[in-house]
Amino acid sequence: MKQQDKFSSKLGAIAVAAGSAVGLGNIWRFPYILGENGGAAFLLIYILFTIIIALPVLISEFSIGRMAGLSATAAFKKLAPGKKWYFIGLSGVLCAFVIISFYNVVAGWTLYYTYLAIVGDLQSLNEQEVTQLYQQTSSDTTTCIFWMVLIVGAIAYIVARGVQDGIEKYSKVLMPLLFLLMIVLCVRSVTLDNASEGLAFLLNPDFSKLTPTAIFAALGQAFFSLSIGMGVMITYGSYINKAQNIQRSAMSIVVIDFIVALLAGIMIFPCAFSFGISPDSGPGLVFVTLPNIFNKMTAGHIMSIAFFLLLAIAALTSSISLFEVLVSFAKAQYGIGRRKATIIASVLTVCVGIICAVSPTVFSLFDNVSANILLPLGAFFIVLFIPIVLGRKRLRKELEANGDKCKTFSLLYFLIKFIVPLAIFSLFLYCIVNWLFVN
Ligand code: PHE
């Protein structure tokens, strides 16, 4: 088994992991899930879950990856030889496949909106026309499929040639640009008429709106947004240098990822309330709100082009990390070359992507099942692996490999061993009981 390449600079490994984490999950999915689940109370639960559940899972994935120096399936085979733990890697492959199928459809929409922005078709639309445009886009299967195929083509080209590093280099410049653009959009959004109502929705919690479904959705969103529970971060962990501090790296990714999601919320809800768009508009929320802001600002045309293009690139870097899971699996499992593996993975993802583009039911089924079931289940077994197979001492040694003492180790280990598995297990149980007996 080949050791993964180590990134020489500190920024390298963190940047690729952040590139996977920051994407449509923050800017498209987070606002619409929050909007459907009551707003600020959801945000608080989301923050809580991110700190006490998602962060320990991310640290676990990084540690497993760096310890083994391999990607998910191979890492489990190496660390627990002869045992069945590698099924976590296999379930990650299934999960990558499910996510990528609907993810690329949305990535296709962002690319199509970039095109519309360039040719000026997003300009001077009124609120109704903006909403109609999204409805037309999402129901016009030819358009959806065309732009999705373009995205898959771009990913396949990058992955087949193994030039992901090049893309990451660009995104190190482009992602901060997206971040700045979002700040400008936030400022415009909060200065619109009636913006305070949207801000209150986002920041003023009403706990009566917190249903079991909302709590479950917050957990799923935390996993989805950080790309955890399926082994992608195990692969990126294998890139992390022994001289780097894993907890600190994980923490920076959590913070970056959260800030981008929060900015998306601040950008979208004041605007939605100002234009009378319901916060629970579903997966189209970003697309039915943002064009309205661009129409209300100076240089809105340029801003709209830049925003949708950068969003498409953010989606691309996340999608590449998912695609890479499929390609490495096909290569290892069937002993085929990178190019062949890429072609097979592209054809399969396009086929299932078409089903998602045609059927909104399949689209939301995949969206829900991946985030709310597959990722939490994967995370459950990943954290169990630590106390059962690795043990306290080996984890500590890995976390302190750079020479820094891990002061919060006992707390972290307690979270990994007890709180995270228990929380995931009880949430599952609670929801199953609720769905069976309450609905
Ligand atoms: N985290 C990515 C996003 O926020 C999506 C993703 C999930 C990527 C799981 C890889 C694995 O857009």
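We count ligands from 1, going down the list as the structure has it; atoms in each ligand are counted the same way.
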Checklist entry - Does a donor on one side chain sit under 3.5 Å from an acceptor on the other, for Thr317 and Ser171? => result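 Distance-only check fails for Thr317 and Ser171.
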
Checklist entry - Taking all non-hydrogen atoms of both residues, which atom of Phe42 and which atom of Ala217 are closest, and how far apart? => result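 It is CE1-C, 3.9 Å.
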
Checklist entry - Can you find a non-hydrogen atom of Phe223 under 4.0 Å from ligand 1? => result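 The answer is no, since Phe223 has no heavy atom less than 4.0 Å from ligand 1.
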
If the cut-off is 4.0 Å to any non-hydrogen atom of [X], which atoms of ligand 1 fall inside it?
X: Asn26; answer: 4 (O)
X: Ser225; answer: 1 (N), 4 (O)
X: Ser321; answer: 10 (C)
X: Gly25; answer: 3 (C), 4 (O), 12 (O)

Considering non-hydrogen atoms of the protein only, which is the closest contact for [atom], and what is the distance?
atom: atom 7 (C) of ligand 1; answer: Phe224 O, 3.4 Å
atom: atom 9 (C) of ligand 1; answer: Ser227 CA, 3.5 Å
atom: atom 2 (C) of ligand 1; answer: Ser20 O, 3.2 Å
atom: atom 12 (O) of ligand 1; answer: Tyr103 OH, 2.5 Å
atom: atom 3 (C) of ligand 1; answer: Ala21 O, 3.2 Å

Item to check | Per-residue contact class, Met230 against ligand 1 - non-hydrogen pairs under 4.0 Å | outcome: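 The answer is the side chain.
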
Checklist entry - In this structure, which one of Ser225, Ser252, Ser20, Ser227 forms a side chain to side chain donor-acceptor pair (under 3.5 Å) with Asp257? => result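 So, applying the side chain to side chain donor-acceptor pair (under 3.5 Å) to Asp257 and each of Ser225, Ser252, Ser20, Ser227, only Ser225 qualifies.
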
Item to check | Step-by-step ring-ring contact (aromatic ring centres under 6.0 Å, His included) determination, Tyr236 to Tyr239 | outcome: CA-CA 5 Å; Tyr236 289 153; Tyr239 298 154; 5.5 Å; yes

Checklist entry - Any ion pair linking Glu36 and Lys209 (charged N to carboxylate O, less than 4.0 Å)? => result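 Salt bridge: no.
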
Checklist entry - Can you check whether Val22 has an N/O within less than 3.5 Å of an N/O in ligand 1? => result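 Checking ligand 1 against Val22, no N or O pair falls under 3.5 Å apart.
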
Checklist entry - Can you check whether Leu375 has an N/O within less than 3.5 Å of an N/O in ligand 1? => result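 No, no N or O pair falls under 3.5 Å.
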
Next on the checklist: For Phe381 together with Phe87, are the ring centres under 6.0 Å from each other?
Outcome noted: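 Yes, ring centres under 6.0 Å apart.
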
Checklist entry - Going by the angle between their ring planes, with limits at 30° and 60°, are Phe385 and Phe76 parallel, tilted or perpendicular? => result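 Ring orientation of Phe385 relative to Phe76: perpendicular.
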
Next on the checklist: One pair to check against ring-ring contact (aromatic ring centres under 6.0 Å, His included): Phe269 and Phe201. What are the steps and the verdict?
Outcome noted: CA-CA 7 Å; Phe269 290 105; Phe201 177 79; 5.2 Å; yes

Next on the checklist: With a sphere of 6.0 Å drawn around CZ of Phe207, does it hold more than 12 non-hydrogen atoms of other residues, nucleotides or ligands?
Outcome noted: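 Yes - once you tally the heavy atoms of other residues, nucleotides and ligands closer than 6.0 Å, there are more than 12.
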
